[in-house]
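A quick write-up on the structure given underneath.
By convention in this document, chain letters (A, B, ...) are assigned in the order of the sequence lines, proteins followed by strands, and residues within each chain are numbered from 1. All values below come from the heavy atoms of this structure, side chains included, with hydrogens, waters and symmetry mates left out. Every value quoted in this text rests on a predicted model; they were computed, and no experiment measured them.
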2 protein chains.
Amino acid sequence: MPANRRPQDRQEKRAEIVDAAEQLFVDVGFEDTPMARIAAAAGVTTTTIYWYFDDKDALLVAVLDQVLASALREHAAAGEQPWDEQLLWVITRLRRLHRLVSVVHARVSSSPVVNDWHDRFHALADINLAEGFRAAGVREQDLPAATRIAVFVIEGLLTHTHDEQTARDIVRLLGALT
Amino acid sequence: MPANRRPQDRQEKRAEIVDAAEQLFVDVGFEDTPMARIAAAAGVTTTTIYWYFDDKDALLVAVLDQVLASALREHAAAGEQPWDEQLLWVITRLRRLHRLVSVVHARVSSSPVVNDWHDRFHALADINLAEGFRAAGVREQDLPAATRIAVFVIEGLLTHTHDEQTARDIVRLLGALT
DNA sequence: ACCTGAACACCGTTCAAGT
DNA sequence: ACCTGAACACCGTTCAAGT
């Protein structure tokens, strides 16, 4: 063991693994990418991944955290926009993540860590969306229902193919809820 | 080979396999049930399943067809009901099928047969829902968007836990689209 | 035509052994 | 503490051989 190993070495290699996994999970899919392929892309051995992560699901959660943080940063940088433009931004920006959305739902019932992440994600999404709806004038007692409708529509648009115009029509019609 | 083998023998054994697979896919999940377990439940050998189905995805599609047909029969038998009651009926009746919904979405991008089934399902769902919305007085130009919103909300309710009251609130708020 | 036991290919994960 | 090659367990699928 080298005496000059800096503490962030660990974080750096961990980040390389997560980066490799993110690209593969997004473009190829979680179920279709073997651990060996992630390891090769990250320049490590398969077993090394298990030094940093408990199992493949834990690696998935790390990828989800990274992707979510990145999306939140981008969204904040996009600045204030009207309500429907924000929704359309989210839909187009996150469209390439549809495989992640699907695999999270598929693994919720099998993996406790994915289930936990999913719960936390929806709590966060609900808070943000409810804030937007409140600002748009939705009645307080309708906020929970309106929020969940918005979440489900976003998830649906991400996991189903559709053209740009359909997305616009849907978001416009959703505006009727406000 | 027995000379008195009747042609429906094949259909009967096929049905036994599909029944076993349906119960396991619904209660345990597609990814968590090995072919060997389906075979054992159906009283055949693993390899026998491959005489009736190309692969596990083809078996999944057979299960989906059977479940869909059963749901359509039940729905028809339920008779005419107001629009929101129909939606609530679908949601409670199909809630136990959430694993099927999730795995279909997860496998759409990997399995052509599942992808085909998914396309056909949504075409069918769109027709039925559009009819309901039209009868409920939704403007013709809003029908496609309203239909997709309803589909996405139903799928969301099936794949996310929620209490009865939330479902009622959501369906009631959806009524604002009409 | 229908069914089977044995084998194959693949993959997530573990473990003893290294540095 | 960190990394590895080899092995293990599991599972979808195939195939040669039966009836």
Side-chain angles (χ1 to χ4, degrees), chain A residues 1-18 20-22 24-25 28-63 99 103-104 106-107 109-114, chain B residues 1-18 20-22 24-25 28-63 99 103-104 106-107 109-114:
Chain A
M1 158 183 159
N4 64 340
R5 178 178 297 281
R6 297 163 304 145
Q8 65 250 50
D9 276 1
R10 178 174 176 79
Q11 298 308 322
E12 282 168 14
K13 182 160 291 191
R14 202 192 114 106
E16 282 170 32
I17 295 171
V18 175
E22 173 181 339
L24 288 164
F25 289 170
V28 182
F30 177 82
E31 307 277 8
D32 288 337
T33 70
M35 293 293 269
R37 190 163 167 192
I38 302 168
V44 297
T45 313
T46 304
T47 41
T48 298
I49 299 182
Y50 287 89
W51 185 258
Y52 292 86
F53 302 93
D54 281 346
D55 52 25
K56 203 181 177 186
D57 286 309
L59 178 53
L60 173 60
V61 167
V63 167
R99 275 180 242 263
V103 81
V104 166
R107 295 212 55 70
S109 59
S110 305
S111 164
V113 286
V114 173
Chain B
M1 157 187 160
N4 63 340
R5 178 180 297 283
R6 296 163 305 148
Q8 65 249 51
D9 275 1
R10 180 176 174 79
Q11 298 308 321
E12 281 168 14
K13 182 160 289 188
R14 201 193 115 107
E16 282 171 31
I17 296 172
V18 175
E22 174 182 338
L24 288 164
F25 289 171
V28 182
F30 176 84
E31 309 275 7
D32 288 336
T33 69
M35 293 294 269
R37 191 163 167 191
I38 303 168
V44 297
T45 313
T46 304
T47 41
T48 297
I49 299 182
Y50 288 90
W51 184 258
Y52 292 86
F53 302 94
D54 281 347
D55 53 25
K56 203 181 177 186
D57 285 310
L59 178 54
L60 173 61
V61 167
V63 167
R99 275 180 242 262
V103 81
V104 165
R107 297 213 53 69
S109 59
S110 304
S111 163
V113 287
V114 174

To the nearest angstrom, the CG-P distance between B:D54 and D:dT13 comes to 10 Å

May I ask you to test the B:L24-B:F30 pair for a side-chain heavy-atom distance under 4.5 Å?
-> no

Does C:dC11 have OP1 or OP2 sitting under 4.0 Å from an N or O in the side chain of A:K56?
-> no

Say you draw a straight line from OG1 of B:T46 to CZ of B:R37; how long is it, rounded to the nearest 0.5 Å?
-> 13.0 Å

State whether B:R10 places a side-chain N or O below 4.0 Å from either non-bridging phosphate oxygen (OP1 or OP2) of C:dA1.
-> no

Whole-Å distance, A:L24 CG to C:dG12 C1', equals 16 Å

Rounded distance (nearest 0.5 Å) linking atom CD of A:E22 with atom CG of A:L60 | 11.0 Å

So do A:Y52 and A:V18 actually touch side chain to side chain, heavy atoms under 4.5 Å?
-> no

Side-chain contact, heavy-atom cut-off 4.5 Å: A:F25 with A:T33?
-> yes

Round to the nearest Å and state the distance from A:E31 atom CD to C:dC10 atom C1'.
-> 14 Å

Over how many whole Å does the gap from A:R14 atom CZ to D:dC2 atom P extend?
-> 13 Å

Nearest-Å distance for atom pair NZ/P, residues B:K13 and C:dT4 | 6 Å

To the nearest angstrom, how far is A:M35 atom CE from C:dT13 atom P?
-> 6 Å

Convert the base pairs of DNA chain D into dot-bracket notation, remembering that pairs crossing earlier ones are written with [ ] and that bases paired across to another strand are shown as |; include only Watson-Crick or G-U pairs under 3.5 Å.
-> ||.|||||...|||||.||

Starting at CZ of B:R99, measure out to CG of B:D32 and round the result to the nearest 0.5 Å.
-> 8.0 Å

Mind checking the CD1-NZ spacing from B:I49 to B:K56? Nearest 0.5 Å is all I need.
-> 10.0 Å

Among B:K13, B:R10, B:R14, whose side-chain contact (heavy atoms from CB on, under 4.5 Å) with B:W51 holds?
-> B:R10

Check the distance between D:dG12's C1' and B:L60's CG and give it to me in whole angstrom.
-> 14 Å

Atom pair CD (A:E16) and CD (A:Q11), whose distance is rounded to the nearest 0.5 Å = 12.0 Å

Length of the CG-P vector between A:D55 and C:dT14, whole Å = 8 Å

Stretch residues 38-53 of chain B: residues that reach within less than 4.0 Å of DNA chain D through a heavy atom = B:T46, B:T47, B:Y50

